[in-house]
Number of protein chains: 2
Amino acid sequence: MDYFEKTLKSDTVYDGKILRLDVETVLLPNDNTATREIVRHPGAVAILPVTKDGEIYFVRQYRKALDMELLEVPAGKLEKDEVPYECAMRELQEEIGFAADKLTLLGSFYSSPGFSNEIIYVYKAEDLTPSQLTPDEDEFINVVKLDIKESLKMLNKGLIRDSKTAIALSLGLLM
Amino acid sequence: MDYFEKTLKSDTVYDGKILRLDVETVLLPNDNTATREIVRHPGAVAILPVTKDGEIYFVRQYRKALDMELLEVPAGKLEKDEVPYECAMRELQEEIGFAADKLTLLGSFYSSPGFSNEIIYVYKAEDLTPSQLTPDEDEFINVVKLDIKESLKMLNKGLIRDSKTAIALSLGLLM
């Protein structure tokens, strides 16, 4: 590494249900100091479910942080000690009611490395079979099915605004 | 909107240099309550600089939140009252020392809508001309130039791990 910031002081100012916020004083390479506000997150998965007929399943859900509904691929946070692959299988069932015989890792990405350590593992799910839909009772989502062409058109037209969904479509369908 | 969460109570638990953290109690559609931890962020831009010869400029920089260096496209936070277009022009000059005669908005994306309102405006910059490099004195970055084919290969091989960079490459080069 060419550059590195040594932590001189670290305060956890909030430790909640999902997030922890650390405020750190760091030593810069030029010996100045700076403050880094860092949101610690458990990590998450996102899944691009593609049917044999070339259709994609999305979920439309309200996001309190934005006060709007977004169209996203199924996704969810890693639970304690859960590996990404199992998390992807669980979320696929909980959110759209399918099991996948084929689950391929497309890549993993840092959603906002300037202030958070959140990592998102992005999977493509194929060979889908209906399973029992057991949604979280406090999760309110609508399942939306679009064909591949329509999905890419929505991305191109700016109607898909969620980062992990844009990445899942790009990596799963364009590369 | 099919679903909506009414705020019953909102506490700002931290208000810092870049981030504000609000913890909200919300009313769910089934009349249960839930806690939402929301990171407020000023928004940001990311720029894909493409030369006439088909080369892309990246920056490699240390990210304290991850304790590692990442290869990213030039990017930066919106300053107070700054519009995204001007921010993109400013960051292009500050980070890689170029002005662009052509700056095209590829799209705008929410980096992590589950817990943050951060939006990233993604631009493609073309017709680049060298300008005076005036870096932040507290910013430590290395400029890296790769051709388009090599850039896409790095994305495909999982060597590009930053969301905004993956989106910029996908939207700017594949669609």
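Here is the naming used below: chain letters follow the sequence lines, and residue numbers restart at 1 for every chain. None of the values given here were measured: they were computed from a predicted structure.
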Structural part of [X] lying under 4.5 Å from a heavy atom of chain A:
| X | value |
| --- | --- |
| B:Glu69 | both |
| B:Phe115 | both |
| B:Asn32 | side chain |
| B:Lys6 | backbone |
| B:Thr7 | both |
| B:Gln61 | neither |
| B:Val122 | neither |
| B:Leu169 | neither |
| B:Leu105 | neither |
| B:Leu19 | both |
| B:Lys164 | side chain |
| B:Leu21 | side chain |

Between [options], who has the most heavy-atom pairs with chain A when the cutoff is under 4.5 Å?
| options | answer |
| --- | --- |
| B:Leu106, B:Asp162, B:Ile160 | B:Asp162 |
| B:Ser111, B:Ser170, B:Gly114 | B:Ser111 |
| B:Gly158, B:Ala75, B:Ala34, B:Gly16 | B:Gly16 |
| B:Gly107, B:Ala44, B:Pro113 | B:Pro113 |
| B:Leu174, B:Leu28, B:Thr165 | B:Leu28 |
| B:Asn142, B:Val13, B:Leu66 | B:Leu66 |

The interface call for A:Leu70 against chain B, heavy-atom contacts under 4.5 Å, is side chain
For B:Asp67 and B:Tyr62, does a side-chain donor sit closer than 3.5 Å to a side-chain acceptor?
yes
Judged by modelled atom types alone, do B:Asp22 and B:Thr12 share a side-chain donor-acceptor pair under 3.5 Å?
yes
For [Y], is there an ion pair with [X] - N to carboxylate O distance below 4.0 angstrom?
| X | Y | result |
| --- | --- | --- |
| B:Arg90 | B:Glu82 | yes |
| B:Glu37 | A:Lys17 | no |
| A:Glu24 | A:Arg40 | yes |
| A:Lys145 | A:Glu55 | yes |
| B:Glu72 | B:Arg63 | yes |

Exercise. Could you state whether A:Leu159 and A:Leu173 fall into the same hydrophobic cluster, counting links through intermediate Ile, Leu, Val, Met, Phe, Trp or Tyr residues with side-chain heavy atoms under 4.5 angstrom apart?
Key: yes
- Query: Same cluster or not: are A:Val23 and A:Val39 linked, directly or through other Ile, Leu, Val, Met, Phe, Trp or Tyr residues, by side-chain heavy atoms under 4.5 angstrom apart?
  - Reply: yes
Looking only at A:Leu171, A:Thr35, A:Asn117, the option with the highest number of non-hydrogen pairs under 4.5 Å against chain B is A:Asn117
Given A:Ile119, A:Ile120, A:Ile38, the one with more heavy-atom pairs under 4.5 angstrom with chain B than any other is A:Ile38
Should the pair A:Phe98 and A:Tyr57 be assigned to parallel (<30°), tilted (30 to 60°) or perpendicular (>60°) ring geometry?
tilted
Distance to the ring centre below 6.0 angstrom and angle to the axis at most 45 degrees; does that hold for B:Lys64 and A:Phe4?
yes
Of all heavy-atom pairs linking B:Pro42 and B:Lys77, the shortest is CG-CD, 4.3 Å
Residues B:Leu155 and B:Ala166: closest non-hydrogen pair is CD1-CB, 3.7 Å
